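Small disclaimer: the values here were computed from a predicted structure and weren't measured. Chain letters run A, B, ... following the sequence lines, proteins first, then strands; residues in each count from 1.
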Amino acid sequence: MEEPNCQLSTINCQLNKTLLVILGPTGVGKTKISLHLAEHFGCPIVSSDSRQFYRELKIGTAAPTEAQLQRVKHYFIGSHSIFDEYNAGQYEQDTIQLLDELFKKNDVVMLVGGSMMYIDAVCNGMDDIPTVDTETREFWQKQYAENGLEFIQNELKKLDPKHYEQVDIQNPKRIMHALEICSMTGKPYSDLRTGERKKRNFNIIKIGLNRPRPELYERINARVDVMMGEGLLKEAEQFYEHRQMNTLNTVGYKELYEYMDGNWTLDFAINMIKQDSRRYAKRQLTWFNRDKEIKWFVPDNEEEVLEYIRNIISK
RNA sequence: GGGCAGUUACCAAAGUGGCCAACUGGGGCUGACUGUAACUCAGCUGUCUUUCGACUUCGGAGGUUCGAAUCCUUCACUGCCCA
């Protein structure tokens, strides 16, 4: 009755393999519990944190420390430079390939992080859409900057009326991306969007971590102060001249650049980091709440989490 | 003690007789989001109601008026200035 997850290739069938996804909002305490779980299962950790990829952004992304990295084998922590081009599509490919390797030796592999779309990319896959080249990106950016939102809305209406009906028409980034794909492929973006969910050849257990909102916010606020104490300002300063780069359009950095540019006081910038982190946490929760496969826990109840996982795996 | 200014929703701040449940900003809440995603975007934010609508608000009390956040009296508190 159960449809095998891996009908494409029986050789690669890995039904006894499990990807343990640990997700939750920033600052909830994913790192701590995941290290314990990884040690318990003797499995490696694959990060799904789209900013901990960058080796230059250690403090501000609360990346695992050297000591923590010693304890458990991690992948995708500091694996890239902020000067690299990277995106969720590439991450999907890289991670699936990596998981294939890891599952040869491990029955359980953990995916830990809070980057919603990146987690989705691994669990459900993404459509086959080309990576946008620089010229195309700049072209549409220029169109938007010079002619405004209404103009690109109309362009989309012409090039992809179907998508025009579907996208958030107020959101310039979404419109521009659709236009980029239209002009790169010569086809409507909506033609490439299948909405299909890929079947993976491993089981997926999704563990969501959350706390009462006030507690979560307190932890976030406190962590920002810790980061400042650890030298976040200095870390950000090093890349001041590259502050326009997308990879530095990141909570914890962009606010400090406002300070360095003389627009904000340092205290104000620090408060904004806290606030932007809180907002990010909320957005993460909104996204995760849609996913009914997630089983939620309070991170302090490690035993409960462990028991839940054991129960599923032993079946 | 005297003079002046002020007290509006979680905060800041408009409104100075009817168009006011009250501009706006912040915060908060809710949501959208398949490649720049820690991005970007949207809605709500006095109470009750799904909507229509009903009800209670603009420091307290009293008054003027058909009608008050807006005018008057008084009390309380805050700020600045003079003592």
Side-chain angles (χ1 to χ4, degrees), chain A residues 23-28 30 47-54 57 59-63 80 82-95 113-134 136-138 140-141 144 149 152-153 163 166-178 180-181 184-185 189-198 213-214 216-217 220-221 223-224 227 236 244-256 268 271-291:
Chain A
L23 73 254
T26 188
V28 78
K30 295 185 291 293
S47 172
S48 55
D49 186 307
S50 71
R51 297 294 139 153
Q52 289 181 2
F53 297 160
Y54 301 114
L57 313 182
I59 299 172
T61 61
H80 293 73
I82 53 170
F83 302 106
D84 294 338
E85 293 266 330
Y86 205 59
N87 61 46
Q90 286 164 276
Y91 174 75
E92 178 196 352
Q93 289 182 11
D94 293 346
T95 303
S115 297
M116 306 85 90
M117 194 162 58
Y118 286 67
I119 297 169
D120 248 27
V122 173
C123 296
N124 304 315
M126 299 184 85
D127 289 325
D128 192 18
I129 287 165
T131 294
V132 179
D133 59 58
T134 317
T136 309
R137 174 137 296 161
E138 284 171 357
W140 285 110
Q141 240 156 23
Y144 173 51
L149 181 63
I152 57 169
Q153 286 172 339
H163 195 63
Q166 294 168 353
V167 270
D168 176 0
I169 212 68
Q170 295 302 119
N171 191 329
K173 289 234 169 161
R174 299 286 130 80
I175 296 177
M176 280 193 281
H177 184 244
E180 287 164 357
I181 301 303
M184 276 191 66
T185 62
Y189 177 50
S190 52
D191 279 11
L192 301 170
R193 285 162 56 90
T194 66
E196 274 170 22
R197 310 180 104 219
K198 290 179 192 160
R213 199 65 63 86
L216 177 66
Y217 284 3
I220 288 172
N221 294 163
R223 194 172 69 166
V224 172
M227 287 174 178
Q244 297 307 327
M245 290 197 325
N246 173 252
T247 45
L248 291 172
N249 184 195
T250 297
V251 176
Y253 299 86
K254 58 180 173 184
E255 299 87 353
L256 291 177
F268 186 80
N271 280 326
M272 287 309 291
I273 296 176
K274 294 175 181 174
Q275 186 175 110
D276 287 341
S277 301
R278 280 180 253 134
R279 287 172 165 168
Y280 174 49
K282 169 57 184 130
R283 270 179 273 130
Q284 289 174 298
L285 288 169
T286 298
W287 180 296
F288 294 140
N289 279 153
R290 251 192 322 184
D291 187 343

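- In the set B/C39, B/C41, B/U36, B/C41 carries the atom at the smallest distance from any side-chain atom of A/Asn171.
- You'll find that the side chain of A/Met117 is closest to B/G35, out of B/G35, B/C39, B/G31.
- The shortest distance between the side-chain N/O atoms of A/Tyr217 and the OP1/OP2 oxygens of B/C29 is below 4.0 Å.
- The separation of B/C20 from B/C55, taken at their C1' atoms, amounts to 16 Å, rounded to a whole angstrom.
- Comparing B/U34, B/U40, B/U30 against the side chain of A/Met126 picks out B/U34 as the nearest.
- Each of B/U40, B/U34, B/G35 was ranked by its minimum atom distance to the side chain of A/Ala88; first place goes to B/G35.
- Shortest non-hydrogen contact noted between A/Leu149 and A/Ile169 is CD1-O, 4.1 Å.
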Donor-acceptor pairs under 3.5 angstrom involving side-chain atoms of residues 115-126 of chain A: please list them, not counting sequence neighbours.
| from | atom 1 | to | atom 2 | distance (Å) |
| --- | --- | --- | --- | --- |
| A/Ser115 | OG | A/Ser48 | O | 3.4 |
| A/Ser115 | OG | A/Ser50 | N | 2.7 |
| A/Ser115 | OG | A/Ser50 | OG | 3.2 |
| A/Asn124 | OD1 | A/Arg197 | NH2 | 3.4 |

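- For the pair A/Arg278 and B/G28, the criterion of a side-chain N or O lying under 4.0 Å from OP1 or OP2 is met.
- Under 4.0 angstrom from either OP1 or OP2 of B/G35 there lies no side-chain N or O belonging to A/Lys173.
- Remark: the A/Arg213 side chain and the B/C29 base include no donor-acceptor N/O pair separated by less than 3.5 Å.
- Counting only distance, with no hydrogens or angles, the side chain of A/Tyr144 and the backbone of A/Ile152 share no donor-acceptor pair below 3.5 Å.
- Here the side chain of A/Arg283 is nearest to one of B/G28, B/A37, B/C41, namely B/C41.
- Judged by closest nucleotide on RNA chain B, A/Gln90 is the one of A/Gln90 and A/Met116 placed further toward the 5' end.
- A/Gln141 contributes a side-chain N or O that forms a donor-acceptor pair with the base of B/U36 under 3.5 Å.
- An OP1 or OP2 oxygen of B/A37 is reached within less than 4.0 angstrom by a side-chain nitrogen or oxygen of A/Tyr118.
- Nucleic acid contact for A/Arg193: sugar-phosphate only, since backbone atoms but no base atoms lie under 4.0 Å from a heavy atom of the residue.
- Distances shown here put a side-chain N or O of A/His177 below 4.0 Å from the OP1 or OP2 atom of B/U36.
- Between the side chain of A/Gln52 and the main chain of A/Thr61, a donor-acceptor pair closer than 3.5 Å is present.
- Sorted by first and then second residue, the salt bridge (charged side-chain N to carboxylate O under 4.0 Å, His left out) pairs with a member in residues 277-286 of chain A read A/Asp276-A/Arg279; sequence neighbours excluded.
- With the nearest nucleotide of RNA chain B identified for both A/Arg137 and A/Asp168, A/Arg137 has the one nearer the 5' end.
- Of the candidate nucleotides B/U30, B/C39, B/G26, B/U30 has the atom lying nearest to any side-chain atom of A/Lys282.
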